[in-house]
**Student:** 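Attaching a single structure in structure tokens format; questions to follow.
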Amino acid sequence: MFCNSVLQVYKPNEHNRVLAICGPGNNGGDGLVAARHLYHFGYKPYVCYPKRTPKPLYNCLVTQLESLSVPFLSVEDLPMDLSDSFDILIDAVFGFSFHGTPRPPFDDMIKKLVNLSNPDLRPSKSPAIVSVDIPSGWHVEEGDSSGDGIKPDMLVSLTAPKLCAKMFSGPHHFLGGRFVPPPIVEKFKLQLPAYPGTSMCVRIGKPPKVDISALRENYISPELLEEQVEADPFDQFQKWFDDAMAAGLKEPNAMSLSTAGSDRNLSSRMVLLKGFDKEGFVWYTNYESQKARDISENPRASLLFYWDALNRQVRIEGPVAKVSEAESEQYFHSRPRGSQIGAIASNQSSVIPNRQYLHQVYQDLEAKYSGLVLIPLLCRRGYLMILSHSQYLYFVLVKSLTSCFLL
Ligand SMILES: NC(=O)C1=CN([C@@H]2O[C@H](COP(=O)(O)OP(=O)(O)OC[C@H]3O[C@@H](n4cnc5c(N)ncnc54)[C@H](OP(=O)(O)O)[C@@H]3O)[C@@H](O)[C@H]2O)[C@@H](O)CC1
């Protein structure tokens with residue numbers, strides 16, 4: 001979870017060299033785990049762990065790093081100026097059990113971090129300081145009361161932000177550690193934010209201002225060579241669709257559908273592919289929707305799949321036709337009962353008085369069909385279009401040198 005937060009802000013191709021400074025307690029243990037995970041995410045970590053905890057768990061964490069040949073640096077080995085040698089400094093010296101003033105050898109290390117984070121002393125190109133749970137040397141509740149402590153660029157609070165996090169003024173504050181047992185939530189009256197999707201970390205605090213023009217990804221993927229592409233576009237599509245499934249992508253069948261009616265105004269929306277074979281690609285829609293109206297006036301469409309984790313796109317362009325009524329009906333009845341009623345209730349692309357109206361229509365239909373095993377598929381709700389005899393399938397691998405094959 002710590003690493004996922006770091007990854008969201010500091011990409012390994014731009015901030016590769018990481019020094020994890022680990023203290024003698026559990027905060028230091030978190031630093032060791034972070035170094036290992038960052039290694040696997042493509043960073044080059046170094047570890048400074050001057051006071052090793054003689055517990056089996058910590059010995060294992062050290063052994064795992066040694067087996068990856070992650071270098072351990074002694075305090076004496078550390079360069080005088082950390083800013084020349086590292087892009088990220090992981091501050092995992094002390095967490096919530098810190099008390100008093102730092103004792104050697106941690107006093108000097110904290111001083112280095114303080115100097116590097118002081119806006120007046122900071123060199124022009126200095127490493128990002130990322131603190132684990134609590135900036136080292138801060139009091140768990142009172143924080144940096146003297147104002148002379150570390151001012152990290154990023155703080156990853158664990159489980160719940162500690163009181164001292166109120167004094168964090170850096171641009172990136174994340175919370176990691178999604179699964180908190182309900183009794184703990186109740187006991188401490190925690191009000192935790194919702195985590196997006198299956199993520200183990202969530203950004204809290206103000207999102208930083210973004211220069212959209214500077215947003216850039218480094219697309220890392222193997223080359224796509226001509227001899228690797230199937231001669232038949234449908235076979236190639238099957239191959240890439242299988243890859244998207246195997247990669248565990250969410251809704252690999254989600255695709256953008258673009259249509260234009262006789263007014264030639266283009267419109268796009270996301271829909272779900274519901275099947276494909278050598279005949280074409282099938283999706284379903286209400287025949288009274290705007291896309292259906294467009295297609296009735298101009299029976300052509302463009303589909304676009306984007307599988308971001310694989311850096312792949314597939315563009316499909318061609319004529320569109322309706323599938324048979326039997327196929328349409330079979331699909332309709334394969335949907336959950338609630339979706340069937342929902343499809344009949346919602347008069348797509350038409351204006352309704354309010355949301356309550358829609359709920360009322362849904363409830364009325366539910367009552368109407370309560371005794372029926374099969375909900376009738378009304379003609380005006382007739383379903384689906386098929387992209388037959390696709391004319392164009394483009395298979396695109398997004399890279400710095402993009403490959404595109406038209407089949
Ligand atoms: N739910 C959560 O939030 C979870 C939190 N977790 C993590 O655990 C962290 C807390 O870990 P922790 O309790 O082991 O304490 P931590 O702060 O690492 O340091 C203790 C060591 O520091 C030493 N020490 C203290 N003062 C000192 C001084 N002035 N100068 C020098 N040394 C000093 C002290 O030595 P002692 O004073 O006892 O001699 C002891 O050896 C927490 O912040 C988070 O990162 C997760 O792993 C799990 C979920």
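Just follow the structure's listing: the first ligand is 1, and inside any ligand the first atom is 1. Only this structure's heavy atoms are used, side chains among them; waters, hydrogens and symmetry mates stay out.
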**Student:** Can you confirm whether something in the protein, heavy atoms only, sits under 4.0 Å from atom 39 (O) of ligand 1?
**Tutor:**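 Neighbour list for atom 39 (O) of ligand 1 includes protein heavy atoms (cut-off 4.0 Å).
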**Student:** For atom 46 (C) of ligand 1, which protein heavy atom lies nearest, and how many Å away is it?
**Tutor:**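 Closest protein heavy atom to atom 46 (C) of ligand 1: D30 OD2, 3.6 Å.
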**Student:** Kindly assign one of parallel, tilted or perpendicular to the pair F94 and F106, based on the angle between their ring planes and the thresholds 30° and 60°.
**Tutor:** perpendicular
**Student:** For atom 7 (C) of ligand 1, decide whether some protein heavy-atom distance is shorter than 4.0 Å.
**Tutor:**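 There is a protein heavy atom less than 4.0 Å from atom 7 (C) of ligand 1.
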**Student:** Got the closest protein heavy atom to atom 1 (N) of ligand 1, with its distance?
**Tutor:**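 Going atom by atom, the protein heavy atom closest to atom 1 (N) of ligand 1 ends up being T159 OG1, 3.0 Å.
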**Student:** Is the ring pair F86/Y46 parallel, tilted or perpendicular, if the boundaries are 30 and 60 degrees?
**Tutor:** perpendicular
**Student:** For ligand 1, does I134 get within less than 4.0 Å through its side chain, its backbone, both, or neither, judged by non-hydrogen atoms?
**Tutor:**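 Under 4.0 Å from ligand 1, I134 contributes no heavy atoms.
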**Student:** Decide whether a cation-pi geometry holds between K322 and Y287; the criteria are a distance under 6.0 Å from NZ or CZ to the six-membered ring centre and an angle within 45° of the ring axis.
**Tutor:**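 Judged by the rule, K322 and Y287 form a cation-pi pair.
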**Student:** Could you name the option among K162, R103, H99 that has the heavy atom nearest to atom 30 (N) of ligand 1?
**Tutor:**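 Ranked by closest heavy atom to atom 30 (N) of ligand 1, first place is R103.
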**Student:** Please state which part of N27 comes within less than 4.0 Å of ligand 1, counting heavy atoms only: side chain, backbone, both or neither.
**Tutor:**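 Within the 4.0 Å criterion, N27 contacts ligand 1 through backbone and side-chain atoms alike.
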**Student:** Taking the six-membered ring for Trp, is the centroid-to-centroid distance between W307 and F305 below 6.0 Å?
**Tutor:** yes
**Student:** In Å and rounded to the nearest 0.5 Å, what is the OG to CG distance from S268 to L266?
**Tutor:** 6.5 Å
**Student:** If the contact criterion is a heavy-atom separation under 4.0 Å, does K51 count as touching ligand 1?
**Tutor:**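 It does not; every heavy atom stays at 4.0 Å or beyond.
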**Student:** Between CE of M255 and CZ of R269, what distance do you get to the nearest 0.5 Å?
**Tutor:** 11.0 Å
**Student:** Heavy-atom distances under 4.0 Å are what count here, so tell me which part of D133 touches ligand 1: side chain, backbone, both or neither.
**Tutor:**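 Contact part for D133 vs ligand 1: side chain (C-beta onward).
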**Student:** Going by the closest heavy atom to atom 33 (C) of ligand 1, which one wins out of F94, F98, F106, F96?
**Tutor:** F94
**Student:** What protein heavy atom sits nearest atom 11 (O) of ligand 1, and how far away is it?
**Tutor:** N26 CB, 3.1 Å
**Student:** Nearest protein heavy-atom contact for atom 13 (O) of ligand 1: which residue, which atom, what distance?
**Tutor:**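 Answer, as residue, atom name and distance: S97 OG, 2.6 Å.
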**Student:** Tell me whether R17 is salt-bridged to D84, with the criterion being a basic N under 4.0 Å from an acidic carboxylate O.
**Tutor:** no
**Student:** Contact between P102 and ligand 1, counting heavy atoms under 4.0 Å?
**Tutor:**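 In this structure, P102 qualifies as a contact of ligand 1 - some heavy atom is under 4.0 Å.
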**Student:** Which residue and atom name correspond to the protein heavy atom nearest atom 41 (O) of ligand 1, and how close is it?
**Tutor:**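 Going by distance alone, atom 41 (O) of ligand 1 is nearest to P24 CG, 3.5 Å.
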**Student:** Is any heavy atom of the protein nearer than 4.0 Å to atom 25 (C) of ligand 1?
**Tutor:**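 Looking at atom 25 (C) of ligand 1, one finds that a protein heavy atom does lie closer than 4.0 Å.
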**Student:** Any Lys/Arg nitrogen of R293 or E288 sitting under 4.0 Å from an Asp/Glu carboxylate oxygen of the other?
**Tutor:**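 Salt bridge absent between R293 and E288.
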**Student:** Do any nitrogen or oxygen atoms of G95 lie less than 3.5 angstrom from nitrogen or oxygen atoms of ligand 1?
**Tutor:** yes
**Student:** For residues 241-254, which side-chain donor-acceptor pairs fall under 3.5 Å, sequence neighbours excluded?
**Tutor:**
residue : atom : partner : partner atom : Å
D242    : OD1  : Q238    : NE2          : 3.0
D243    : OD2  : R312    : NH1          : 2.7
N253    : ND2  : L273    : O            : 3.1

**Student:** May I ask you to say whether E366 pairs ionically with K368, meaning some side-chain N is under 4.0 Å from a carboxylate O?
**Tutor:**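 Not counted as a salt bridge, because no side-chain N and carboxylate O are separated by less than 4.0 Å.
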